[in-house]
Protein chains: 2
Amino acid sequence: MFNTLHMRSASDLTARARIRDAALTRFGSEGISGTSVRAVAADAGVSPALVVHHFGSKEGLRQACDDYVLDSIRSGDEAATEALGEVLSAATPVRRYLARALLDDTEAAGALFAEIVERTQVWLADGEAEGWVRPTSDSRARAVTYVSWLLAPLVLGDHVGRLLGGDPAETATAVRGARAGLEMLTGGLFADDRWLSAFTEIDRTTRP
Amino acid sequence: MFNTLHMRSASDLTARARIRDAALTRFGSEGISGTSVRAVAADAGVSPALVVHHFGSKEGLRQACDDYVLDSIRSGDEAATEALGEVLSAATPVRRYLARALLDDTEAAGALFAEIVERTQVWLADGEAEGWVRPTSDSRARAVTYVSWLLAPLVLGDHVGRLLGGDPAETATAVRGARAGLEMLTGGLFADDRWLSAFTEIDRTTRP
DNA sequence: CAGAGTATTGAACATCTGTTCAGCCCTGTC
DNA sequence: GACAGGGCTGAACAGATGTTCAATACTCTG
């Protein structure tokens with residue numbers, strides 16, 4: 001047997017890492033409660049007992065996945081927006097896991113969402129000051145909505161991919177969607193105020 | 001005991017309906033594989049055996065939920081967009097279930113997504129012809145992206161709600177996000193072409 | 001080489017899972 | 001009043017699940 005302790009921290013092919021990767025993939029595609037410890041162990045070529053030896057419990061394994069994904073996103077230290085863009089076009093298992101975590105409303109996922117929103121709000125405020133972002137009546141709501149729009153293709157990746165071209169997770173497909181989004185955000189989608197004013201009208205009559 | 005066969009189809013409080021409602025809620029909040037037949041039965045005040053008696057199996061129950069949710073959305077026959085808007089501000093269990101179904105990539109959910117995109121594309125094309133929607137270079141991608149933006153707050157409802165105001169699923173909260181979205185779509189978010197052209201640049205240099 | 005410590009395993013556990021089945025209760029029909 | 005039929009149940013089963021535990025293999029330190 002090669003691959004001893006010497007190369008461990010470098011190559012990241014320890015049993016521990018293999019288990020984490022297998023869990024990431026399976027948790028992402030089958031869901032957390034839909035994944036058995038035995039299945040993860042089998043994928044990693046390892047006994048179920050080793051999984052709990054390394055991570056304490058299934059819950060511990062899930063948290064290890066959370067930490068790994070979040071760190072790999074945060075590692076792109078700059079604007080979280082760009083780092084997120086990389087993840088979006090990068091490894092699909094991480095994407096799927098992140099989507100699942102956001103839907104399951106993990107504590108870690110919630111913190112990440114809040115963090116991204118925070119940074120985005122600052123980024124948009126800067127842009128507003130510098131004149132390349134339009135002013136708004138509710139900068140908080142705009143940041144939240146903008147971030148959820150960014151995240152949407154991530155969460156709905158399968159459906160979007162299927163309708164936009166054969167291969168989901170294909171770069172070209174993601175690019176097509178991203179361009180369409182940028183067009184809407186730059187030029188606007190609606191040419192006049194009909195929907196916005198209609199909305200304002202409804203809102204005013206509904207509100208006390 | 002009242003509530004016999006006579007009023008069944010009208011009042012919809014049969015054990016069968018109670019089971020379906022309980023399943024809808026639990027499936028939505030805990031996930032499908034995270035929900036046990038026994039838990040659904042307990043919520044409905046019914047024995048586990050009755051669940052399988054009515055729906056054949058757990059899978060049958062899930063399909064019944066699919067059908068129910070999809071029908072309740074499609075029932076708003078007009079533009080699916082508006083019907084979806086109602087659902088978004090309406091019963092939360094249905095929202096959560098729909099989000100879960102979209103992420104789990106159910107066959108039914110995929111069909112629904114495709115259907116909404118189709119109708120939206122037509123709707124946008126009409127608007128383009130009538131002049132209140134701006135032209136685009138890729139009408140398909142725009143429709144897909146637009147729909148995923150519509151669906152985003154639905155899927156990420158918990159996080160959006162938490163950051164936008166105390167009560168998630170509160171109407172006021174949803175309204176705040178919707179207004180911010182409409183502002184971006186009407187006036188545009190970015191005041192100049194810097195991001196769009198930067199994107200085009202990257203796309204051209206990346207592509208062969 | 002002896003010993004400490006970690007990685008790793010097979011077998012076993014209690015519990016929970018979806019599902020089956022024989023039978024009860026209730027209502028409407030002849 | 002006997003009969004049929006469907007809603008409904010309790011108990012049971014086989015299998016899967018998360019987790020435990022004692023024991024083995026391995027590597028590093030002295």
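Letters go in sequence order (proteins before strands), and every chain restarts at 1.
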Peer 1: With sequence neighbours excluded, what pairs up with A:Glu128 under the side chain to side chain donor-acceptor pair (under 3.5 Å) test?
Peer 2: A:Arg142
Peer 1: Have a look at B:Ser33 and say if it touches a base, only the backbone sugar-phosphate, or nothing, with a 4.0 Å heavy-atom cut-off.
Peer 2: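 Nothing, no nucleic acid heavy atom in range.
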Peer 1: Provide a list of protein-nucleic acid N or O atom pairs under 3.5 angstrom, restricted to nucleotides 19-23 of chain C.
Peer 2:
unit_1	atom_1	unit_2	atom_2	d
C:dT19	OP2	B:Lys58	N	2.8

Peer 1: Scan the side chains in residues 34-43 of chain A for donor-acceptor partners under 3.5 Å anywhere in the protein, sequence neighbours excluded, and list what turns up.
Peer 2:
unit_1	atom_1	unit_2	atom_2	d
A:Thr35	OG1	A:Arg26	O	3.2
A:Thr35	OG1	A:Gly31	O	2.7
A:Ser36	OG	A:Ala39	N	3.0
A:Asp43	OD1	A:Arg26	NH1	2.9
A:Asp43	OD2	A:Arg26	NH1	2.5

Peer 1: Output all residues satisfying side chain to side chain donor-acceptor pair (under 3.5 Å) with B:Thr106, sequence neighbours left out; order by chain, then residue number.
Peer 2: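 Checked B:Thr106 against side chain to side chain donor-acceptor pair (under 3.5 Å); zero matches.
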Peer 1: Expressed as a whole number of angstroms, how long is the span from A:Arg18:CZ to C:dA7:P?
Peer 2: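 So the two atoms are 13 Å apart, to the nearest Å.
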Peer 1: Who passes salt bridge (charged side-chain N to carboxylate O under 4.0 Å, His left out) against A:Asp67, sequence neighbours left out?
Peer 2: none
Peer 1: For B:Asp126, enumerate each residue passing the salt bridge (charged side-chain N to carboxylate O under 4.0 Å, His left out) test, keeping only those at least two apart in sequence or located in another chain.
Peer 2: none
Peer 1: For B:Leu50 and D:dA11, give me the distance from atom CG to atom P, rounded to whole Å.
Peer 2: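 For the pair B:Leu50 CG and D:dA11 P, the rounded distance is 17 Å.
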Peer 1: Let's see if you get this right: which residues in residues 23-32 of chain B place a heavy atom under 4.0 Å from DNA chain C?
Peer 2: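 Nothing qualifies; none.
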Peer 1: Using atom CZ of A:Phe55 as one end and atom C1' of C:dT8 as the other, report the distance to the nearest whole Å.
Peer 2: 14 Å
Peer 1: State which residues pass side chain to side chain donor-acceptor pair (under 3.5 Å) with A:Ser33; sequence neighbours excluded, sorted by chain then number.
Peer 2: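 Partners of A:Ser33 by the side chain to side chain donor-acceptor pair (under 3.5 Å) criterion, ordered by chain and then number, come out as B:Ser33.
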Peer 1: Using only side-chain N and O atoms of B:His53, determine if any of them is under 4.0 Å from OP1 or OP2 of D:dC8.
Peer 2: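 No.
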Peer 1: Residues two or more places apart in sequence or in another chain: which of them pass salt bridge (charged side-chain N to carboxylate O under 4.0 Å, His left out) with A:Arg62?
Peer 2: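 Here the qualifying residues are A:Glu59, A:Asp66.
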